[in-house]
Amino acid sequence: MKLLTHNMMRSHCKGVVNGFPLKLSSTQVDVKEIEFNADFVNRMLSRLEWSALVEIANQLGVGDGLPEMLPEEHKFDDEDVLKKIHHVLLEVEIIEGELECPETGRKFPISRGIPDMRLNEDE
């Protein structure tokens with residue numbers, strides 16, 4: 001699961017109001033190089049919950065060099081910054097671990113890079 005995916009996921013358990021950001025604990029993280037595309041990264045910036053991305057990147061130890069704040073225009077011109085964001089969003093991948101709903105504590109496993117967000121009938 002890429003951190004881009006994590007940034008867009010929410011818990012949909014019954015009674016959950018926000019369900020974001022999902023807490024993440026990882027037991028296996030891989031880094032897989034992906035071709036850099038500055039335009040894609042800049043287009044994604046307006047869709048991200050920036051503070052949640054920075055928090056999880058720092059938790060995983062890959063947040064060095066990420067700006068704490070997103071510019072008002074949701075665009076970076078500095079290629080080094082864009083490459084760092086690209087790395088965090090697209091190259092860091094959670095292979096094994098779990099996600100946790102911030103409101104209910106319900107845990108969702110991540111296995112072979114795929115989060116299992118299925119709910120039971122009573123959830």
Side-chain angles (χ1 to χ4, degrees):
M1 178 187 73
K2 297 187 183 311
L3 295 185
L4 173 61
T5 303
H6 173 265
N7 193 264
M8 298 190 177
M9 295 178 77
R10 298 184 185 298
S11 173
H12 294 288
C13 293
K14 284 184 184 174
V16 169
V17 177
N18 186 14
F20 182 86
L22 293 167
K23 296 175 186 174
L24 173 65
S25 61
S26 60
T27 56
Q28 182 181 354
V29 179
D30 283 351
V31 176
K32 298 177 183 174
E33 190 172 323
I34 303 227
E35 185 177 343
F36 175 65
N37 183 329
D39 290 333
F40 175 79
V41 174
N42 266 323
R43 282 194 312 270
M44 291 307 299
L45 292 176
S46 65
R47 295 177 173 98
L48 297 172
E49 290 288 340
W50 186 257
S51 60
L53 177 67
V54 171
E55 181 180 333
I56 204 69
N58 288 332
Q59 177 188 323
L60 292 172
V62 296
D64 290 342
L66 279 182
E68 288 297 317
M69 302 289 293
L70 190 60
E72 281 187 35
E73 65 274 7
H74 294 141
K75 186 174 191 236
F76 286 104
D77 295 320
D78 184 333
E79 188 170 298
D80 290 335
V81 172
L82 288 170
K83 284 183 177 179
K84 182 60 182 176
I85 297 167
H86 163 86
H87 173 73
V88 169
L89 288 176
L90 301 170
E91 295 182 336
V92 175
E93 189 166 350
I94 308 304
I95 304 301
E96 301 291 332
E98 65 184 13
L99 299 166
E100 182 179 331
C101 174
E103 295 176 44
T104 66
R106 167 68 151 86
K107 295 184 180 184
F108 303 95
I110 303 168
S111 179
R112 294 180 290 178
I114 301 170
D116 183 354
M117 299 290 292
R118 295 178 292 180
L119 298 172
N120 299 321
E121 272 188 45
D122 61 335
E123 295 180 291

request  = Evaluate the side-chain proximity of D116 to S111: yes if any heavy-atom separation is below 4.5 Å, no if none is.
outcome  = no
Check your understanding: Any side-chain heavy atom of P102 within less than 4.5 Å of one from N18?
Key -> no
Quick check: does any side chain N or O of T104 sit under 3.5 Å from a backbone N or O of R106, one acting as donor and the other as acceptor? yes
Test of understanding: clusters of I, L, V, M, F, W, Y form through side-chain heavy atoms closer than 4.5 Å, transitively. Do L48 and I94 belong to the same one? yes
So side chain to side chain donor-acceptor pair (under 3.5 Å) across residues 36-48, not counting sequence neighbours, yields none
Note: E103 and G19 closest approach over all heavy atoms is OE2-N, 2.6 Å
Output for pair (S25 OG, K107 NZ), nearest 0.5 Å, gives 6.5 Å
In this structure, CD1 of I110 is separated from CE of M117 (nearest 0.5 Å) by 9.0 Å
Which pairs would a plain distance check flag for residues 54-63, meaning a side-chain donor or acceptor within less than 3.5 Å of a matching protein atom at least two apart in sequence or in another chain?
from : atom 1 : to  : atom 2 : distance (Å)
N58  : ND2    : V54 : O      : 3.2
Q59  : NE2    : L24 : O      : 2.5

How about F20 and C101: do any of their side-chain heavy atoms sit closer than 4.5 Å?
no
Distance col, row E72:CD vs M69:CE, nearest 0.5 angstrom, shows 9.0 Å
Exercise. Examine L45 and V81 and state if one hydrophobic cluster contains both, with Ile, Leu, Val, Met, Phe, Trp and Tyr joined whenever side-chain heavy atoms are less than 4.5 Å apart.
Key: yes
What about F108 and I114, same hydrophobic cluster or not, with Ile/Leu/Val/Met/Phe/Trp/Tyr joined at side-chain heavy-atom distances under 4.5 Å?
no
The reported gap from CZ in R112 to CE in M1 (rounded to nearest 0.5 angstrom) is 15.5 Å
Checklist entry - Same hydrophobic cluster for V92 and M8, using side-chain heavy-atom links shorter than 4.5 Å among ILVMFWY? => result yes
Problem - side chain to side chain contact (heavy atoms under 4.5 Å, CB included) assessment of M44 paired with L4 - result: CA-CA 9 Å; M44 291 307 299; L4 173 61; 3.6 Å; yes
Here the ring pair (Phe, Tyr, Trp, His ring centres under 6.0 Å) pairs for residues 34-90, sequence neighbours left out, are F36-H86
CD of E91 to CG of L3, rounded to nearest 0.5 Å, is 11.0 Å
Taking the side chain as C-beta and beyond, is there a heavy-atom pair between L89 and K84 under 4.5 Å? no
Would a hydrophobic clustering, with Ile, Leu, Val, Met, Phe, Trp and Tyr connected at side-chain separations under 4.5 Å, put L66 with I34?
no
* CD/E33: more than 12 non-hydrogen atoms of other groups inside 6.0 Å -> no
dist E96:CD -> Q28:CD (nearest 0.5 Å) comes out at 5.5 Å
**Asked** Do L99 and H6 come close enough that some side-chain heavy atom pair is under 4.5 Å?
**Response** yes
